[in-house]
Amino acid sequence: MSAVTTTVAVAAPEASPQVRRRRRLSPGRRLPAARLVGPLLLLALWAAASAAGRLDPAAVPAPWTVLRTGAHLWTAGTLPTDILTSLRRAASGFAIGLGAGVLLALAAGLSRTGEALIDGTVNLNRAIPTLGLIPLFILWLGIGESFKVAIIAIVVYIPIYLNTHAALAGIDHRYVELAEVQGLSRFAFVRQIVIPGALPGFFVGLRLGVTGSWLGLVVLEQINATSGLGYLMFQAQNYGQSDVILVGLVVYGVFGLVSDSAVRLVERRVLSWRRTLSS
């Protein structure tokens, strides 16, 4: 009995350092609203530098000045109209790009013929700067809303296609063999094997597509537009209104952060079965 007790007592100290080391390798418990820490810190530094007179008010207005300008534009009705216009354009282009990216990725990932026809074409499109297509799309579609939506759709579908297709190509072939042995139909194979295997890559592409839609929008709305946040910023540039420009940038940043956080939330819910480093 004493020998067993001595063995356990000796083994316990040797095992405890290993347990401690394994715990230190993990990032730790997820902090609530942790992604707001960085933006709030940046805002605090901006406010402190403005209060100390380190920033030129004509070039970089103080946060409270930008807040007053945003409130004035909102009460005047200018900002709500421009926000709704920008949201409509971004949503239309994003919806088209999302559908195209997913369908093309499935066609290329599930068929050698589809891959031969689609993958090279999409990668060629990726190599061409999307914003460089603007003059050509203006000639094709005119200078109205159509070409703006089309460019946003291209910006969105490329990352969604690339990441979803890469996830499909990375599915372990043993699962395919298991599905064949089990006699799964094509539909059951897609539902039980393909979709779960492609979802992680799809969500990565979705986050990139959401961000890309806002990046493309800020440029497109400065080209022959009469409304939208980009148009508001372009007009403010002509009159040297840096506070209005910062209002537009803050709104773009907030929309980008909120949309990315929404995608992350859906991803955590849908992929709750995964045990990853971040979870």
What distance do [X] atom [atom1] and [Y] atom [atom2] have between them, rounded to the nearest 0.5 Å?
{"X": "N123", "Y": "I158", "atom1": "CG", "atom2": "CD1", "result": "9.0 Å"}
{"X": "I195", "Y": "T164", "atom1": "CD1", "atom2": "OG1", "result": "11.5 Å"}
{"X": "F203", "Y": "R268", "atom1": "CZ", "atom2": "CZ", "result": "11.5 Å"}
{"X": "H72", "Y": "D243", "atom1": "NE2", "atom2": "CG", "result": "10.0 Å"}
{"X": "L87", "Y": "S213", "atom1": "CG", "atom2": "OG", "result": "10.0 Å"}
{"X": "E267", "Y": "F202", "atom1": "CD", "atom2": "CZ", "result": "10.0 Å"}

[X] atom [atom1], neighbour heavy-atom count above 12 within 6.0 Å:
{"X": "W74", "atom1": "CH2", "answer": "no"}
{"X": "I143", "atom1": "CD1", "answer": "no"}
{"X": "F189", "atom1": "CZ", "answer": "yes"}

Can you see which heavy atom on [X] is nearest to which on [Y], and at what distance?
{"X": "P57", "Y": "S242", "result": "O-OG, 4.2 Å"}
{"X": "S259", "Y": "V210", "result": "OG-CG1, 3.0 Å"}
{"X": "G201", "Y": "N163", "result": "O-CB, 3.1 Å"}
{"X": "A90", "Y": "L217", "result": "CB-CD2, 4.1 Å"}
{"X": "L141", "Y": "A150", "result": "CD1-CB, 3.9 Å"}
{"X": "S86", "Y": "G228", "result": "OG-CA, 3.5 Å"}

Under the criterion salt bridge (charged side-chain N to carboxylate O under 4.0 Å, His left out), I'd like the reasoning laid out for K148 against E221: C-alpha separation, chi angles, the key distance, then a yes or no. CA-CA 8 Å; K148 297 181 179 66; E221 288 189 329; over 6 Å; no
Can you check whether [X] reaches [Y] side chain to side chain, under 4.5 Å on heavy atoms?
{"X": "L73", "Y": "L232", "result": "yes"}
{"X": "V122", "Y": "R126", "result": "no"}
{"X": "Y161", "Y": "V156", "result": "no"}
{"X": "L79", "Y": "L229", "result": "yes"}
{"X": "R89", "Y": "S227", "result": "yes"}
{"X": "L208", "Y": "I160", "result": "no"}
{"X": "I96", "Y": "Y157", "result": "no"}
{"X": "I138", "Y": "I223", "result": "yes"}

Step by step, work out the side chain to side chain contact (heavy atoms under 4.5 Å, CB included) result for N125 and T121. CA-CA 6 Å; N125 190 0; T121 306; 5.8 Å; no
Please determine whether residues [X] and [Y] belong to a single hydrophobic cluster, defined as Ile, Leu, Val, Met, Phe, Trp and Tyr linked transitively by side-chain heavy-atom distances below 4.5 Å.
{"X": "F137", "Y": "I128", "answer": "yes"}
{"X": "F94", "Y": "V266", "answer": "yes"}
{"X": "V218", "Y": "F234", "answer": "no"}
{"X": "L136", "Y": "I151", "answer": "yes"}
{"X": "L98", "Y": "L220", "answer": "yes"}

Apply the test side chain to side chain contact (heavy atoms under 4.5 Å, CB included) to residues H165 and I118: give CA-CA distance (whole Å), side-chain angles for both, the deciding distance (0.1 Å), then the verdict. CA-CA 11 Å; H165 181 263; I118 295 172; over 6 Å; no
L168 vs L106, test: side chain to side chain contact (heavy atoms under 4.5 Å, CB included). Steps then yes/no. CA-CA 8 Å; L168 288 171; L106 289 175; 4.2 Å; yes
Working for side chain to side chain contact (heavy atoms under 4.5 Å, CB included), residues L36 and L257: CA-CA 9 Å; L36 295 178; L257 182 62; 4.0 Å; yes
Where do E115 and R112 land on the salt bridge (charged side-chain N to carboxylate O under 4.0 Å, His left out) test, with the steps shown first? CA-CA 5 Å; E115 184 177 29; R112 293 300 183 188; 3.1 Å; yes
Taking the six-membered ring for Trp and the full ring for Phe, Tyr or His, determine whether the centres of F147 and W140 are under 6.0 Å apart. no
Indicate the ring-plane relationship of W214 and Y252, choosing parallel, tilted or perpendicular according to the 30° and 60° boundaries.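 Perpendicular, since the angle between the ring planes exceeds 60°.
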Give a yes or no answer on whether the side chain of [X] reaches the backbone of [Y] with a donor-acceptor pair at less than 3.5 Å.
{"X": "Q237", "Y": "M233", "answer": "no"}
{"X": "T69", "Y": "T65", "answer": "yes"}
{"X": "T81", "Y": "G77", "answer": "yes"}

